[in-house]
Structures are given as C-alpha cells and as structure tokens.
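This report concerns only the one structure given below.
Computed over heavy atoms, backbone and side chain alike; hydrogens, waters and symmetry mates excluded. Chain A is the first sequence line, chain B the second, and so forth, proteins listed ahead of strands; every chain is numbered from 1.
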There are 2 protein chains.
Amino acid sequence: MVPAPNDTRAVGRCLLFLGDVTESGFAKTAFGLRDWAGERCVGELRLPGATVTTGLPSLSARQAAAQGATAIVIGVAAPGGTIPASWVPALAEALAAGLDIVSGMHVRLDQFAVLKEAAARHGRRLIDVRTPPADIPIASGRPRAGRRILTVGTDCALGKKYTALALGRGLAARGLDVTFRATGQTGIMIAGSGMPIDAVVSDFVAGAAEILSPAAAPAHIDVIEGQGSLFHPAFAGVSLGLLHGSQPDMFVVCHDPARSHQLGYPGSPLPSVETVIEQTIVLGRVTNPAIRCIGVALNTGGMDAAAAQAAIDAHARRLPYPVADPMRGGADFERLLDACLEMP
Amino acid sequence: MVPAPNDTRAVGRCLLFLGDVTESGFAKTAFGLRDWAGERCVGELRLPGATVTTGLPSLSARQAAAQGATAIVIGVAAPGGTIPASWVPALAEALAAGLDIVSGMHVRLDQFAVLKEAAARHGRRLIDVRTPPADIPIASGRPRAGRRILTVGTDCALGKKYTALALGRGLAARGLDVTFRATGQTGIMIAGSGMPIDAVVSDFVAGAAEILSPAAAPAHIDVIEGQGSLFHPAFAGVSLGLLHGSQPDMFVVCHDPARSHQLGYPGSPLPSVETVIEQTIVLGRVTNPAIRCIGVALNTGGMDAAAAQAAIDAHARRLPYPVADPMRGGADFERLLDACLEMP
C-alpha cells in the first residue's frame, strides 16, 4: 500500500459523530463503520435535533475516551458538503477530550481555525482521508501479477462498497489471501488505508488505481471498491480511470432493482445490467484483455425476504451469471464466491 | 466563460521561450502559438544547447519588451515535467525586463523562490494556465442551448487541438457564430482562456466541461478541444468526463494513419476509427441522445501531398463520413465544414 496522509490504521477505537442530521442518507459513513468495523466503534455522539441513529450507545467525547476511543469520526455528510458552524464546538470539545478527528469531506479540517488551534493546543491530529498522496504517477498500463476483482455498478450509491467488503470477507473465510482495496472515504476508514479516487487530479486517476492495488503473489486477490458508473453523467470519468488502472481480471455488477433513474439525475435512466457488462468488457480490455464478468450483486435492502429472493431469481433466469444479494448471504452468495475462484 | 486564474487574454504579445530542448516533440506549445497566434509572437528565446527553433526572430527579453511583448511563454515541456534549474536565470531576467511569465506545466511557477521573489520585486505576474478555477460544480447532466462539436481521437497528441482550431477558423470564415473552447495548456494560451481539464479533480471533470461551454444562442457553435482517448490506458477518464460534460451534438474523430500503438504505450494497440465512433456514441448518449459523428480528421503531417491524398481517399472509401486533413484544407476539408452545418 502507498504511504498516505490519510492512513487511519493507527486510529483504533472511535466515536461516531452524527451531527444534527435528520436523513439517514447523509449518514452512510457512520453506518458503514458500524456494519464493517463495529468492533472499533464505542458509541455515537449526536447534537440536539438529530433524528438519525446507528443504535450504538450515546457517549460524550470524554466517556468515549475513557472507553478507549482515540478518535471521533465525522460519520455524516452535510447537505452543503462542508462542516456547519453548529458542529464545530462539539468537534473542538472532542479534541480537548483527547480524541483525533477523522473526516472524509472534500473540505479540509485545518481550514477551520478553531479546530486547527484546538488540535495544536491539545496535541491531537486532524486526519482528512480524502486527501490523496502526493506524487501519484501517470498510469503505466503495464500488466502486474496477482488477481483483481472490481465492483462496478449501474449507478452510484447502490452497494459497490458493501459488495466488495462482503466478497473480501467471504473469500477470507474460505482461507484465501485477499485484500479489500478502498477507493472512497468510508471504505478508507473501514480498511484503515486506501485511495480517495474521486479527489485525485484527473490526469492521475488510472495511475492512482495502479498503486492502490500493486503487483502481488499470483494467487493473491485484491477486491477493489468501485466508484460511480460508466453511465453516470457526472462521475463516469472516475469510474473509467479506476477500471483502467485496476486492470481487473473479474468484475461484479452491482444493481438496485428498485431504481429506474440515476440517483439525483431524474433525466438519466439507469442502464441495464447487460449494457454495463458489455461496456465494462469493451473498455476494460484496454488494460486487461482477459477481463470478464463473474456475477451480479443485487441490493434488495428495501424488500422483504420473499420479494428479495424473487428479484434474485428473476435476474438469475435472465443472466448467465450467479446473482446474489451479498448482504443476505446464503446459497446464492456462495455461488458468487465460487465464481471468484473459477479460472477462465 | 468562467473567470479563471489562468486567463491570459490580457497577455497580448509574447516571447516564446524554448529552453535548451533538442527534441521538437517537447516544443508543442511554442509551435501551437506560432501556428495559431503568430500575430502575437514577437520572437523566440533559446538557451545555449537548444536545437529546436520556431523559425521566429531570436530576441532577448529586453528586445522583446521593446517590441511590445508583455510576457514570456514557456513553450516547451522538460522531460521531467518541471522547470530545470538551468532555465531559472533566463526567466528571472525576463521578469526584470518587464515581462510576465506564462506556464502550462503541472508545477506552479511560484514554487520557484527566485521567480516568486523577482516577480514581486518587478511587479510582474506568474501565470499558471494549468491551474483550474476554484468552485467547479459537480456536473448537472442537464441539456443546455447552443450547438457543440467535440474533437475526439484514437490516441493522444495526434491533432485534436489543431482540428478544433481549424474547424473554428473555417466556420468563422463562413460567417458563423463560433467559439473555440480550449481544454489544454497550449489551447488556453492560444484562446486566452479555457479549462485545463486534466488538472481538474476527477469528481469535477464533467462539471468543468459544462462550465467551459455554457448555454448559448441556439445557432451558436462551440468547437471543443478534445483530450486523450477513450481507449488510452492512462487518460481515458479525462476523455470520458470531457465527453459527458461537453454534451456534444457532433464529434470529429482525429486519427494518425501512421500510428499503430498508443504513443509511449507499446503494449496498447490503437483502436480503429470505427471502434472510437461506436464507443463515443454509446457513451456520449448518456448526456446527449442525439450525438453523432460528422467526420474524420487525418493527421498526414508526415506524408507528402500524394501520400496524404491517398490516405484520405482510402479512409473516405471505407467510412461513411467526410475525411480530411484540416491542415491541408481543400475540398475534403470544405466537405467536413459542410457536415458541421447539416442538421440531423
């Protein structure tokens, strides 16, 4: 892995900060940490007015520190993409209580004078996981050893991170040598390292993906968290640079069967799973001629068990690949894991 | 146009700095300015050892200033991508002679203490055209008025900028309301403004392309300079973000018939013109369902006139579009201009 300024492996136990948010869609980072790094989350801190909760114990910064937390993690995104003034006193108090602050926002923590000053006074760190490392190279395009699986999608925010984490966990449970490679802020906080690919200057995106999953032993598997979609009107360039630099041998298409349009883009219909498979192969062949689809991950989070199985079965009848909701596990997911191990 | 820190419209007449380069491939910026903004170039300044020349008069900084130059433009890229120490004294002397410095490198001019100090002392500006404006929005994906033509390519560095400039000039000569939109450092210096698209953070590339060619009168035509190629192992993400944000109604594929592999990537064969057309349409439809190819621009710079015409004719027999080398003009190029004006 690259040595990066956003390395959070030393963070250890943490307190999840939820601000005063009232929509669970803004708390993806907090939920991601609870679901995938729960053993490191001692509790949550909410401001008056907050209605979203992770279900973890409510703790003050001092109580969290007493329980072994070393950092407070901003687990929510504010609508404007920055840190509202109403959050700053609580964050400064966390520094005074002995906690570092970890943030995944585009805005840097040290741009808030109060936080910069408090961090210096209390000897704590301000950790921005969305700051890419310096000196990322231009992509070489050269093949490298090791096997790679990339999760791609029909849209943003429909399960590429959870699918990659579930595949990583499932393959590790089978005894394989596997590493989850994070490409977004939440994934980086869960894994402790990674590459905030959407914050990299565009000329260097494919190069950043190359150093994120370096050459490895031939049997080693990197499971790389996908970003965006090749058909997204704003983020497709990120997705294509990540595809080219990752040089995946295999990919899994993530899809939400309940979604008809790109999230937040009512004028942009969702591409079909088949279209995404076809284009991912056409474009992925530029850096890996052997690229192939090995399965489809459906996000059935909004359905009951019977409806979810019906959706999985309907897609499985139509598509010549294993189809599963990785979060539901079961025989479908085991078949998807089997597919990761089949040699072409 | 966006108000940008790289706005060089005020620069006016300039002196082309060639450093000590010995390979003409490194002097693309100087040649571009000579060819497309020759009326603003008073001469060239070369250091001992240089073998490349633009053919313009050799002038000192003081002589250039006396002839009305207000800036020295770094017209070459150094192999390492930075400014070698051997160039700094001559550049500092140009500041003392009353010239601003204009640079298109990734490295910023003010990172050189000697230049920063000399600029302050002499009241001159250090202008980095590769610095994108602040506060670029995420792309909206919403259609906007006006017509747009994008040049795309089978590779980097084979004529997308020259083709866009030639189309802009040709359409203007026919009395049309047309604007050349620059996306790279040389184009920005020629046009006086633009968007250094490869220096934009990847999340914002499509948004940057949207503000580069804003809504305009229905009959207005923006001719947008393309970058990279959808099939380039390092830069395809830039190309795709630019395609989506530009929302072109029409595109021209630029191709070098003498090239078999991507420049500098011997492992990456060039895609066919047909493949680029097909993929540009499939992916371009995400933001403009009416996107269509209107022609092919061949770079025949390395051929004599007979060989060039033979190459143009061979491509024209195979492809259902006008084929021309825009730098050779003639009837073929007039047909390409005609195609820009046909309504679908």
Listed by residue number, which members of residues 238-253 of chain A have a heavy atom under 4.5 Å from any heavy atom of chain B?
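From residues 238-253 of chain A, the residues near chain B are A/Val238, A/Leu240, A/Gly241, A/His244.
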Checking an interface table here. Which of residues 225-234 of chain A come within a heavy-atom distance under 4.5 Å of chain B?
A/Leu230, A/Phe231, A/His232, A/Pro233, A/Ala234
Taking salt bridge (charged side-chain N to carboxylate O under 4.0 Å, His left out) as the definition, give me every residue that meets it alongside A/Arg285, ordered by chain and number, with sequence neighbours left out.
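Expected list: none.
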Residue, of A/Val205, A/Ile138, A/Val200, that accumulates the most heavy atom pairs under 4.5 Å with chain B
A/Val200
Relative to chain B, which of A/Gly141, A/Ala199, A/Gly267, A/Gly207 shows the most heavy atom pairs under 4.5 Å?
A/Ala199
Quick one: which residues of residues 276-284 of chain B reach chain A at under 4.5 angstrom, heavy atoms only?
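Residues of residues 276-284 of chain B touching chain A at under 4.5 Å: B/Gln279, B/Val282, B/Leu283.
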Might you confirm whether atom CZ of A/Arg144 has over 12 heavy atoms from other residues, nucleotides or ligands at distances under 6.0 Å?
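Above 12, so yes.
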A/Val201 to B/Asp198 - nearest heavy-atom pair and separation
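Smallest interatomic distance, heavy atoms only, reads CG1-O, 3.1 Å.
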Got a second to check how far A/Phe204's CZ is from B/Ser202's OG, nearest 0.5 Å?
12.0 Å
